[in-house]
Every structure is written in C-alpha cells, then in structure tokens.
Protein chains: 2
Amino acid sequence: MKKGQVTIRDIAIKLKISVSTVSRALRNSPEIKLETRQKVMAMAEELNYTPNVVAQSLRVNRTKTLGIVVPQLASHFFASNISGIQDTAYRRGYNVMICQSNENFEQEKSDIRTLISTRVDGLLISLSRETESYEHLQNLIEREIPFVLFDRITEGFPVSTVTVDDTLGAYKVTKHLLEQGCKRIAFISGPEGMYICKKRIAGYEQALNESGVNIDGNLIVYSDLTEESNKRLTNQLLGLEEKPDAIFAINDPVAIDVMKFLKSKGMKIPEDIALVGFTNMPVSDALEPSLSTVDQPAYEMGRLAANNLLDQLLDPESFEPQNLVLDTELVIRNSSKK
Amino acid sequence: MKKGQVTIRDIAIKLKISVSTVSRALRNSPEIKLETRQKVMAMAEELNYTPNVVAQSLRVNRTKTLGIVVPQLASHFFASNISGIQDTAYRRGYNVMICQSNENFEQEKSDIRTLISTRVDGLLISLSRETESYEHLQNLIEREIPFVLFDRITEGFPVSTVTVDDTLGAYKVTKHLLEQGCKRIAFISGPEGMYICKKRIAGYEQALNESGVNIDGNLIVYSDLTEESNKRLTNQLLGLEEKPDAIFAINDPVAIDVMKFLKSKGMKIPEDIALVGFTNMPVSDALEPSLSTVDQPAYEMGRLAANNLLDQLLDPESFEPQNLVLDTELVIRNSSKK
DNA sequence: TTGAAAGCGCTAACAG
DNA sequence: CTGTTAGCGCTTTCAA
C-alpha cells in the first residue's frame with residue numbers, strides 16, 4: 001500500500017513500549033494490563049492504524065482467505081452460491097477471492113494455480129463444462145490443500161461435495177410431465193460428461209421406466225449451452241418424425257432459449273408442447289407462460305460448502321469428507337399444465 | 001498454506017547456489033547466466049515450486065490485487081461489470097477480491113476496511129443505495145489509496161468515474177414514449193439520493209419539458225427497489241385520479257415486478273399501459289411482452305474502470321482523473337409499442 | 001555473473 | 001505483565 005503506512009512499531013515508539021506488547025494488546029491478549037491495552041488501542045485509533053494482513057499471513061502461514069472457482073459469475077445460480085459462501089466466510093472471519101473459468105478448462109486450471117500462489121487457505125470449486133480430466137484436483141490433494149466441490153462436481157476424490165439431488169429433481173419433473181399426459185418427453189442436456197447431466201438423465205430415465213414408457217435416444221440431445229446450440233437442438237427435436245410433446249431443459253437459461261424459439265415458430269406452450277426448466281431463476285415466473293422448473297437452494301449450497309470447508313480448516317485432524325445432497329422442489333407453473 | 005511448501009531456499013540448497021540467484025533466475029533477470037537460469041527453472045518445476053505471493057507482497061509492498069465493492073452479485077449488470085474488471089485485471093497480471101455490500105452502507109464501509117487491510121493496490125467501487133455520506137471515500141483519498149467509482153458513483157472526489165449517460169438514456173426513453181402517444185408517463189425511481197436516479201429523472205424531465213408536457217409530481221415515485229415496494233408503488237400509480245398511460249422503471253428488475261403486477265391486475269401491456277426498463281437483462285426479450293429497455297455496456301464499463309485504475313497504479317505521477325461516460329442504446333420492444 | 005546480508009510487518013517462543 | 005529476539009519467504013542493495 002501507499003507510503004507511510006502506520007505499523008505497530010510506530011505505536012510502540014510513540015508509547016515507549018515494545019512492539020510485542022503492542023502486538024499482544026491489539027489482539028486482546030489476556031496477559032496485557034488493561035491500562036496498557038487501552039493506551040495502545042487509543043494510539044492505534046489516533047494514528048489510524050490498519051494491521052498489515054500480508055505480514056500477518058506470512059508470519060502465521062495462513063491468509064484467512066478462501067478461493068472460489070465458478071464457471072461464470074453472470075448467472076443467478078452461481079452468484080447466489082457465492083453470496084452464500086461469502087456471507088458465511090465473513091461471519092467466520094474469512095475473505096474470499098473469486099475466479100471464473102468462463103466454462104474453460106485451461107482457465108480453470110489457471111485460476112486454481114493463481115489461487116494457490118495467493119496462498120488461499122482452501123478452495124471451493126465448481127467445475128467448468130469442459131472439465132473431463134482431474135489432475136489439477138489430484139494436485140491439490142497431493143499438496144494437502146483443502147477444497148470442496150459444489151454443484152458441478154466429480155466423484156472419486158476424498159473431499160466434501162455439495163449438490164442437490166439432481167436425479168430426484170429430474171425424476172419429479174418427468175413424473176409430473178407424464179401425469180400431464182405427455183408421452184414423448186425430450187431432454188435437452190448439457191455436455192455429456194457433466195456430472196449433473198448424467199444424474200438428471202438418470203432421473204428422467206428412471207421415471208420413464210417406471211411408467212413403462214420406452215426411452216427414445218432421439219429425444220435426448222446434448223447442448224453446449226450456447227443459445228445457438230439450444231435453438232438448433234430444439235429445431236432438431238421439432239423435426240423428428242414422432243415429435244415430442246414436452247421438452248425438459250437442463251436448466252432455466254436453456255429453457256428460455258427454447259421458449260423463445262418455440263414462440264418464434266408459433267408454437268403454443270404448453271398446448272402444443274410443454275416445457276420445464278431447472279434452477280428457478282427469479283424471472284422464471286415472469287415469463288409467458290410462467291416457466292415450470294425445479295427450485296435449487298443455491299445460497300444454501302454456498303453456505304454449506306463454506307461451512308464445511310471452514311470446519312475442515314479449523315480442525316483438519318478430525319475432519320471427514322461429507323457428501324451433502326440437498327433437496328429440490330418442483331415448481332409447477334403454466335408452461336407444463338396441459 | 002500447508003506444511004512443506006517448497007521455497008526458493010529449497011531450490012538453492014539442491015542446486016548449491018544462493019537464494020538471491022534463484023530469486024533472480026526465477027524472475028528472468030538478465031544478469032543471470034542462461035545455464036543457471038535453466039537449471040533453476042528445471043528444479044523449480046521438479047519440486048513443484050509455487051512462489052509465495054504473500055512474501056513477495058510484503059517485500060515489495062504491492063499485492064497485485066484489486067478490490068471490488070458492488071451492491072450485489074446476483075445481478076446481471078454487476079456480474080457483467082465484474083467480469084469486465086476481472087478479465088482486464090488478469091490480462092494485466094492482477095487478481096481481484098470482490099465484496100458485496102448488499103446495498104448496506106455499514107457493510108460497504110466494512111468491505112472497504114477489509115480490502116484495505118488486505119492491502120489491495122486499488123479499489124473499484126459501486127456505491128450502495130443507502131450511501132449518502134462519503135467519509136469512507138475521503139479516508140481513501142487521505143491514505144492515498146487509488147480508487148475509481150463506477151455506475152453508482154458520487155461526484156466531488158478527485159478520482160476517475162465510469163458511468164453511462166443516464167440522463168440521455170432516460171431522455172431517449174421518455175421521448176420514445178411520447179412519440180408512441182403517451183401523455184402521462186410515470187417514473188418509478190430508486191432512492192432519491194442515488195446519483196443515477198437524479199440523472200435519469202433529469203433526462204425524463206428534460207424530454208417532457210421539450211415536448212411541453214408538464215411534470216406531475218404524483219407520477220414520480222421512489223422505490224427502495226424491493227419487490228414489495230415496486231408493486232405497492234405501481235398500485236399507487238394506478239390509483240391516481242389521472243392514471244398514467246406509461247411506466248418508466250429505473251431498471252429492468254423493477255420493470256419485471258411492475259409487469260407481474262400489471263398482469264395480475266389484468267392490464268394489457270402496452271395497450272392499457274406501456275412499460276420500459278433500463279439495463280437490458282438477457283431475459284428481457286423473453287418476457288411477454290418483450291421489454292423495451294436501455295442497453296448498458298456493463299462489461300465494457302468494468303473493462304474501462306479496471307484499465308483506468310491499472311494505468312493509475314502503473315504511473316501515479318502523470319495520472320489525471322477522468323470521467324468516462326458511455327453511450328447507451330434504446331432497445332424498443334413490444335412493451336412500449338402502442 | 002553470483003553471494004551475503006538486511007529487512008518488509010508481524011507473531012511467538014523465551015526470558016525476566 | 002512486558003521486552004528481546006528470531007524468523008516467515010522473498011527482493012534488493014552492496015560487494016565481490
């Protein structure tokens with residue numbers, strides 16, 4: 001920071017005491033006389049002293065900073081995750097440093113590298129849609145840097161994870177659609193490798209199987225989550241010989257693209273085709289028709305992930321990785337009411 | 001960080017050279033023999049060395065980190081601002097540390113304090129809606145900590161600012177509404193003290209004046225931006241003796257609340273009442289009717305703010321504060337086409 | 001081209 | 001209850 005920063009040394013000199021006494025007084029050490037402590041505090045105030053966290057961090061080998069890696073910031077879901085993490089971290093005396101991978105694998109690796117060299121005490125990571133190899137996570141394990149994965153996770157690492165019950169969520173959607181009389185339910189998934197996609201497809205298939213509806217591979221398509229891709233795949237589905245009577249989109253943003261496309265083709269939702277998303281964005285109920293979706297407790301996910309990591313940091317010995325799975329809630333609106 | 005971190009000392013010992021040589025080699029100092037440098041690099045690689053940024057920061061008194069304070073993260077506008085800042089910062093070798101004030105003045109002050117003690121090299125700040133006194137900014141000036149204000153700014157400080165031309169944007173909206181034949185245009189503003197509100201109201205009034213429409217104080221209301229407040233005020237406007245035939249909302253989220261409320265009352269948009277927002281959220285064109293609005297270059301704002309701050313950091317002497325004002329674009333959609 | 005040594009601001013034995 | 005001292009990992013004179 002700028003020139004002339006006030007240090008504990010300045011306070012010590014002014015008060016003609018030692019720096020260690022100042023240091024202790026500032027941290028409310030019980031071994032310091034009340035009077036001395038008050039004098040130190042007063043002088044610190046007077047000089048507008050701000051502790052140098054950098055020096056503290058170097059000394060105690062702990063930055064009290066958490067690193068966050070998310071695929072993107074401009075997404076209500078991840079922004080809420082981050083809010084949950086941040087509020088929790090602050091309450092427990094930690095800062096956070098946020099990086100976004102922009103859904104790019106190389107960027108994700110680079111983000112983690114940056115965060116490590118910044119010496120964050122631990123990491124909270126949500127993987128990019130491109131991520132299909134995991135040496136960078138293995139590397140964290142080897143370096144004994146604590147981290148937890150949330151939402152966009154992978155399995156097989158001895159770390160905590162926080163997710164929603166994607167399978168059950170997708171199951172509930174599909175069941176609901178079947179109950180509305182839909183016979184040919186299409187699923188627009190994200191990239192095939194993504195954990196949440198696999199899980200949601202599993203729930204979708206489970207519901208179909210239970211109802212004796214056979215699974216048609218043509219009805220399952222994989223989007224790279226761009227608007228172009230979403231619209232193209234919707235078009236592709238509409239071109240099927242046996243057209244779908246419902247579309248289940250992997251998330252609300254995809255559902256919105258689908259909705260725009262369907263409207264542009266003059267199709268009526270839900271009459272001609274039902275539509276359901278996943279996530280429950282704040283605008284989803286303002287759409288026309290209002291979008292049925294699955295509500296995910298994003299803030300809560302962040303909160304849990306942060307608390308878990310912080311517990312681990314506090315007491316590494318007795319820590320055991322946990323796989324936290326949160327419930328989702330099916331939100332039925334007009335886009336799926338036949 | 002964890003135990004057994006590799007340091008330059010480890011490299012020096014392995015190679016039987018001094019730490020200063022290692023330090024220099026690592027930073028590609030020209031005074032080091034190529035051969036030595038290569039050996040150092042190889043060994044660093046082999047030992048999986050990661051420089052300790054904390055130690056570097058303490059030594060050179062520079063953290064290469066920028067602090068960001070925004071009112072909220074879960075907003076597409078601010079998330080885009082941040083993306084712009086982040087991309088720019090990374091490209092120029094800086095990290096960012098993000099705080100959200102949650103639109104709370106005390107939190108804003110606390111965020112800035114935290115960021116300062118973390119020794120960020122500079123700050124990018126967008127004020128909370130509650131902020132009406134500015135000692136915390138004055139304090140930054142006194143400490144000679146560089147900062148730039150963006151979007152939610154205040155005037156009167158010798159610092160750079162980045163905004164859009166709010167007055168002109170609001171002027172264009174109001175003009176457009178008048179052209180559509182609207183005679184009684186209501187304005188739902190944010191808190192009265194907010195800079196952007198004042199500016200936008202000015203544009204609104206200017207357009208009315210130019211067209212000889214007299215300004216009716218009953219048509220200008222101040223929301224605290226909560227959904228409850230937005231709906232209550234809409235209701236209040238509808239209860240006016242002389243009802244409005246258009247509503248201009250301070251931003252898209254407010255406009256969406258208004259839209260929901262109007263629909264719930266069975267009113268037709270734009271037939272019964274026209275509606276325009278400000279910001280252009282990605283979903284705004286998916287609404288029914290699609291929402292007319294003003295497009296703000298949020299990412300670009302972040303980019304400019306970051307570049308400006310970074311320039312200042314690079315060369316503090318020759319730096320002059322700038323007030324950057326970006327253009328907006330009126331986006332006419334169905335919600336305002338009579 | 002390299003090394004020795006000082007020191008950034010702070011904390012934490014250890015000693016008194 | 002307080003002071004002395006060493007040192008976290010790194011950069012940077014200064015000297016060789």
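Fair warning: this is a prediction, and the values are worked out from it, not measured in the lab. Here is how names work: the chains are called A, B, and so on, in the same order as the sequence lines, proteins then strands, and each is numbered from 1.
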Going by salt bridge (charged side-chain N to carboxylate O under 4.0 Å, His left out), name the pairs with one or both residues in residues 38-57 of chain B, residues two or more places apart or in two chains.
none

Taking the side chain of [X] as its heavy atoms from C-beta onward, which of [options] lies nearest to it?
X: B/Gln56; options: C/dC10, D/dT4, D/dC10; result: D/dC10
X: A/Asn52; options: C/dG9, D/dG9, D/dT12; result: C/dG9
X: A/Arg24; options: D/dG9, C/dT2, D/dT2; result: D/dT2
X: B/Leu58; options: C/dC8, D/dT12, D/dC10; result: C/dC8
X: A/Tyr49; options: D/dC10, C/dC10, D/dT4; result: C/dC10

Check whether the side chain of A/Ser20 and the base of D/dT4 form a donor-acceptor pair under 3.5 Å.
yes

Is there a donor N/O on one and an acceptor N/O on the other, under 3.5 Å, for the side chain of B/Arg119 and the base of C/dG9?
no

With a sphere of 6.0 Å drawn around NZ of B/Lys64, does it hold more than 12 non-hydrogen atoms of other residues, nucleotides or ligands?
yes

Measure the distance from [atom1] on [X] to [atom2] on [N] and round it to the nearest whole Å.
X: A/Ile8; N: C/dG9; atom1: CD1; atom2: P; answer: 10 Å
X: A/Arg9; N: D/dT5; atom1: CZ; atom2: C1'; answer: 15 Å
X: A/Ile13; N: D/dG3; atom1: CD1; atom2: P; answer: 13 Å

Reckon B/Thr7 touches a base, only the sugar-phosphate, or nothing at all at heavy-atom distances under 4.0 Å?
sugar-phosphate

To the nearest 0.5 Å, atom CG of B/Asn28 lies from atom CZ of B/Arg37 at 5.0 Å

What is the distance from atom CG of B/Asn81 to atom CG of B/Leu73, rounded to the nearest 0.5 Å?
11.0 Å

Distance-only polar pair, side chains of [X] and [Y], donor-acceptor under 3.5 Å:
X: B/Gln38; Y: B/Thr36; value: no
X: B/Arg119; Y: B/Asn61; value: no
X: A/Ser23; Y: A/Arg27; value: yes

Which of residues 27-36 of chain B sit near DNA chain D, with a heavy atom under 4.0 Å from it?
B/Arg27

